[in-house]
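Throughout, residue positions are numbered sequentially from 1 according to the sequence presented. Please read these numbers as outputs of a predicted model, since none were measured by experiment.
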Amino acid sequence: QVQLAESGGGLVQAGDSLRLSCAASGLTFSFYSLGWFRQVPGKEREFVATITRGGSRTYYGDAVKGRFTISRDNAKNTVYLQMNSLKPEDTAAYYCAAKLSGSIGTLYRSRYEYDNWGQGTQVTVSS
């Protein structure tokens, strides 16, 4: 079955950078669009970023646009989230998600569109 494993979270100060990784197994990675979401207790899971199957198109949530970058390495079955200029409001559990996609160029921004989820990695940004 599909398994997604996030890593790279931690405690950082405002203005610092972190890179999250999500290693996938049990799937043909290049057939999947990928996304990153985040969630704070008591709130809905929020869209952060998504990338198409081939990696040619990306899309970001307004809160992270210009600071975060999503990328993928299909040879390593891994998707990344580079987070720069971190703010305390970025504090959350971050989840990667994968969706089997028949379209090489479609972006998926809704959490309801994703079939597979990782367990999450905590990012805490202190002020």
Of all residues at least two apart in sequence or in a different chain, which pass the salt bridge (charged side-chain N to carboxylate O under 4.0 Å, His left out) check with D115?
none
Donor-acceptor contacts, no H, no angles, side chain residues 120-127, under 3.5 Å, sequence neighbours left out:
{"unit_1": "T121", "atom_1": "OG1", "unit_2": "G9", "atom_2": "N", "d": "3.2"}
{"unit_1": "Q122", "atom_1": "NE2", "unit_2": "A92", "atom_2": "O", "d": "3.4"}
{"unit_1": "Q122", "atom_1": "NE2", "unit_2": "T124", "atom_2": "OG1", "d": "3.4"}
{"unit_1": "S126", "atom_1": "OG", "unit_2": "V12", "atom_2": "O", "d": "3.3"}

Residues forming a salt bridge (charged side-chain N to carboxylate O under 4.0 Å, His left out) with K43, sequence neighbours excluded:
none
For S110, check side-chain contact (heavy atoms from CB on, under 4.5 Å) against everything at least two apart and list the hits.
Y112, E113
Q119: which residues meet the side-chain hydrogen bond (donor to acceptor under 3.5 Å, both in side chains) condition with it, sequence neighbours left out?
none
Separation between CZ of R19 and CD of Q82, rounded to the nearest 0.5 Å:
7.0 Å
Under 3.5 Å donor-acceptor, T91 side chain and P88 backbone
yes
Please examine the side chains of L81 and V48, heavy atoms only from C-beta on, and report whether any two atoms are closer than 4.5 Å.
yes
d(L100 CG, T28 OG1) to nearest 0.5 Å is 8.5 Å
With sequence neighbours excluded, what pairs up with Q3 under the side-chain contact (heavy atoms from CB on, under 4.5 Å) test?
Q1, S25
Pair D62, K65 - check salt bridge (Lys or Arg N to Asp or Glu O under 4.0 Å), show working.
CA-CA 5 Å; D62 288 342; K65 204 170 294 183; 3.1 Å; yes
Among R45, E46, R111, exactly one meets side-chain hydrogen bond (donor to acceptor under 3.5 Å, both in side chains) together with Q39. Which residue is that?
R45
Does R53 reach the main-chain N or O of S30 with its side chain, forming a donor-acceptor pair under 3.5 Å?
yes
Measuring from atom CD1 of I104 to atom CZ of R57, what distance do you get when rounded to the nearest 0.5 angstrom?
11.5 Å
Would you compute the distance between atom CD of E44 and atom CZ of R38 and round it to the nearest 0.5 angstrom?
14.0 Å
Check A98 against L34 and note the closest heavy-atom contact, atom names and distance.
CB-CD2, 3.7 Å
Test side-chain contact (heavy atoms from CB on, under 4.5 Å) applied to A23 - qualifying residues, sequence neighbours left out:
T78
Are T52 and L107 packed together at the side-chain level, in the sense that at least one heavy-atom pair is separated by less than 4.5 angstrom?
yes
R72 (side chain) donor-acceptor with F29 (main chain) under 3.5 angstrom
yes
Taking ring pair (Phe, Tyr, Trp, His ring centres under 6.0 Å) as the cut-off, I'd like each qualifying pair that reaches into residues 85-108, sequence neighbours left out, listed once.
none
Which pairs count as disulfide (SG to SG under 2.5 Å) when at least one residue sits in residues 41-75, sequence neighbours excluded?
none
Taking ring pair (Phe, Tyr, Trp, His ring centres under 6.0 Å) as the definition, give me every residue that meets it alongside Y114, ordered by chain and number, with sequence neighbours left out.
F37
Which disulfide (SG to SG under 2.5 Å) pairs, counting each pair once, include a residue from residues 51-127, with sequence neighbours left out?
C22-C96
Inter- and intrachain pairs under ring pair (Phe, Tyr, Trp, His ring centres under 6.0 Å), touching residues 53-93, at least two apart:
none
Output the distance between atom OG1 (T69) and atom CG (N84), rounded to the nearest 0.5 Å.
6.5 Å
